Amino acid sequence: MKALVYQGPREVTVEEVPDARIERPTDVLVRVTSTNICGSDLHMYEGRTTLETGRVLGHENLGVVVEVGSGVDRVKTGDRVCLPFNVACGFCENCEAERTGFCLTVDSDTPGGAYGFAEMGTYAGGQAEFLRVPWGDFNCLVLPEDAQEKENDYVMLSDIFPTGYHATELAGVSPGESVVVYGAGPVGLMAAYSAALRGAGQVLVVDHHPDRLALAEKAGAIPVDDTEGDHVEQILERTGGGADKGCECVGYQAHDADGHEKPESTMNDLVASVRATGAIGVVGVFLPQDDGAPTELTREGKLPFDFGDFWFKGQRIGTGQANVKAYNRQLRDLIHHDKAKPSFIVSHELPLDDAPEAYRNFDDRLSGWTKVILKP
């Protein structure tokens with residue numbers, strides 16, 4: 001089968017690799033029809049993780065079931081399914097508590113597994129023609145009859161829609177509150193969109209890419225361009241002293257307004273722009289080690305964090321990757337009943353063969369490249 005293979009920093013190729021297949025009775029085999037390029041893929045693409053060469057990328061996947069193992073009861077051949085990026089068993093202590101992002105059964109040295117992802121098991125990614133899904137009954141979200149018609153919406157359930165929603169859950173966004181989101185990439189846009197779905201009275205999104213800020217405005221948020229003066233001051237002024245809640249959707253490769261990499265910038269700016277006793281949800285990726293970071297401290301996964309201000313303001317922080325299965329059924333139903341349309345962020349639909357060029361353009365943040373769906 002064809003698949004996108006990581007060859008090293010900023011080099012991916014489409015190659016013939018061994019076909020994905022059923023390996024255990026609980027496996028499901030899916031023919032991939034949509035698979036997204038994620039901002040997290042760019043961390044690996046740039047060589048900023050420990051991803052091994054030869055790995056197939058792709059953790060935002062949707063497709064049609066073509067084969068099921070003998071131990072699969074619920075999922076049937078022909079079902080259209082969306083796969084959470086979390087690979088999870090469904091029966092360990094964390095999975096039973098709906099913390100599927102931290103499954104204890106996966107073949108990883110740390111809690112949690114994912115398709116085609118560094119340090120999260122050996123599972124092949126879905127930027128390929130076929131994908132093996134472990135524990136298929138648990139991991140496959142079966143889609144309703146409009147699955148093909150709304151495929152570009154439903155594929156967002158694999159990661160970024162639940163992840164954006166998770167940011168608002170970690171922050172505890174409630175109706176009428178003001179929310180500031182740092183980062184207008186796909187996850188930040190979904191956090192802003194989710195805050196609106198939860199009834200936020202005011203949503204602000206900080207970034208400096210005009211095309212992304214335009215999408216934030218389309219989602220009902222107030223765009224804050226951090227190249228146009230002090231964005232913290234802009235937020236304090238617009239919210240009357242600080243937002244009630246904040247969402248960090250950038251992660252460890254954050255840059256300041258001048259384009260210099262400053263991993264701590266979004267965290268400290270959130271402390272400054274969220275009011276006293278407010279809460280912050282952090283879903284941007286932060287790693288315990290980053291050899292490409294700008295300082296010795298940040299290379300060790302540590303941040304110079306304004307803890308004194310954070311403590312003095314009595315704020316709370318929730319962190320961690322999204323437990324997709326905690327949200328994907330409800331978000332699926334919002335799409336099904338036309339209450340949500342996350343595909344508004346999609347800029348490009350391309351065949352798998354165009355993936356290397358798409359990675360280059362998305363990584364270069366070229367204008368208009370906001371979200372790419374590959375169609376194997």
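None of these values were measured; they are calculated from a predicted model.
Under the 3.5 Å distance criterion, the side-chain polar atoms of E129 are left unmatched by any main-chain donor or acceptor of P376. S347 places a side-chain N or O within donor-acceptor distance of the main-chain N or O of T370, the cut-off being under 3.5 Å. A donor-acceptor pair is defined here as one N or O able to donate and one able to accept, closer than 3.5 Å; no such pair exists between the side chain of Q234 and the backbone of V224. Judged by distance alone, the side chain of E261 and the main-chain N or O of P263 form no donor-acceptor pair under 3.5 Å. Judged by distance alone, with hydrogens and angles left aside, the side-chain atoms of K325 form no donor-acceptor pair with the main-chain N or O of G90 at under 3.5 Å. For the pair D137 (side chain) and T26 (backbone), a donor-acceptor distance under 3.5 Å is absent. Within the 3.5 Å criterion, the main-chain N or O of G201 finds no donor-acceptor partner in the side chain of E177. Although no hydrogens or angles enter the test, the distance criterion places no donor-acceptor pair under 3.5 Å between the side chain of N361 and the main chain of A358. Between the side chain of K341 and the main chain of D153, no donor-acceptor pair closer than 3.5 Å is present. A donor-acceptor pair is defined here as one N or O able to donate and one able to accept, closer than 3.5 Å; no such pair exists between the side chain of Q321 and the backbone of G112.
Using modelled atom types, one finds no donor on one side chain facing an acceptor on the other under 3.5 Å when comparing R31 with T33. S34 and K375 share a donor-acceptor pair across their side chains, judged by distance under 3.5 Å alone. Defined by atom type and a distance below 3.5 Å, a donor-acceptor pair is missing between the side-chain atoms of H166 and N323. Checked by atom type, the side-chain pair S265/D256 shows no donor-acceptor distance below 3.5 Å. Using modelled atom types, one finds no donor on one side chain facing an acceptor on the other under 3.5 Å when comparing E119 with Q289. For the residue pair D159 and T163, a side-chain donor N or O sits within less than 3.5 Å of a side-chain acceptor on the partner.
Looking at heavy atoms from C-beta onward, V324 lies out of side-chain contact with S158 at the 4.5 angstrom threshold. Annotation: side chain of D338 is in contact with side chain of K150 (closest heavy-atom distance under 4.5 Å). Two residues are said to be in side-chain contact when any heavy atoms from C-beta on lie closer than 4.5 Å; N268 and F305 meet this criterion. Side-chain contact check for T168 versus V179: every heavy-atom pair is 4.5 Å or farther apart. Inter-residue side-chain proximity for D79 and C140 is flagged as unmet; no heavy-atom pair is nearer than 4.5 Å. Side-chain contact check for R198 versus Y165: some heavy-atom pair is nearer than 4.5 Å. Residues E67 and R21 form no side-chain contact, since every pair of their non-hydrogen atoms from C-beta on lies 4.5 Å or further apart. Contact annotation: the side chain of V346 approaches that of M156 to within less than 4.5 Å [non-hydrogen atoms, C-beta and beyond].
Proximity of the aromatic rings of H43 and Y252 is defined here by a centroid distance below 6.0 angstrom, and this criterion is met. Under the 6.0 Å cut-off for aromatic ring centres, F344 and Y193 qualify, their centroids lying closer than that.
Counted within 6.0 Å of CZ on R99, heavy atoms from surrounding residues, nucleotides or ligands total 12 or fewer; the atom is thus considered open. Around the NZ atom of K218, the shell of radius 6.0 Å holds no more than 12 heavy atoms that belong to other residues, nucleotides or ligands. Within a 6.0 Å sphere centred on CD of E93, other residues, nucleotides and ligands contribute 12 heavy atoms or fewer. Atom CZ of R365 sits in a crowded spot, with more than 12 heavy atoms from other residues, nucleotides or ligands closer than 6.0 Å. Atom NZ of K2 is surrounded by 12 or fewer heavy atoms from other residues, nucleotides or ligands within 6.0 Å. In the displayed structure, K302 atom NZ is contacted under 6.0 Å by at most 12 heavy atoms of other residues, nucleotides or ligands. The number of heavy-atom neighbours closer than 6.0 Å to CD of E237, taken from other residues, nucleotides and ligands shown, is 12 or below. For CZ of R74, the number of neighbouring non-hydrogen atoms (other residues, nucleotides, ligands) closer than 6.0 Å is greater than 12.
A side-chain contact (heavy atoms from CB on, under 4.5 Å) with S273 is found for exactly one of T239, I280, V232, namely V232.
Going from atom CD1 of I37 over to atom CG of L350 covers 7.5 Å, rounded to the nearest 0.5 Å.
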| field | Stepwise side-chain contact (heavy atoms from CB on, under 4.5 Å) check, D290 with R299 | value | CA-CA 5 Å; D290 174 20; R299 283 192 288 273; 5.8 Å; no
| field | Verdict with reasoning, W135 to F91, per side-chain contact (heavy atoms from CB on, under 4.5 Å) | value | CA-CA 10 Å; W135 299 290; F91 53 79; 3.8 Å; yes
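For the pair R360 and Y45, the NZ or CZ position fails the cation-pi test of under 6.0 Å to the six-membered ring centre and within 45 degrees of the ring normal.
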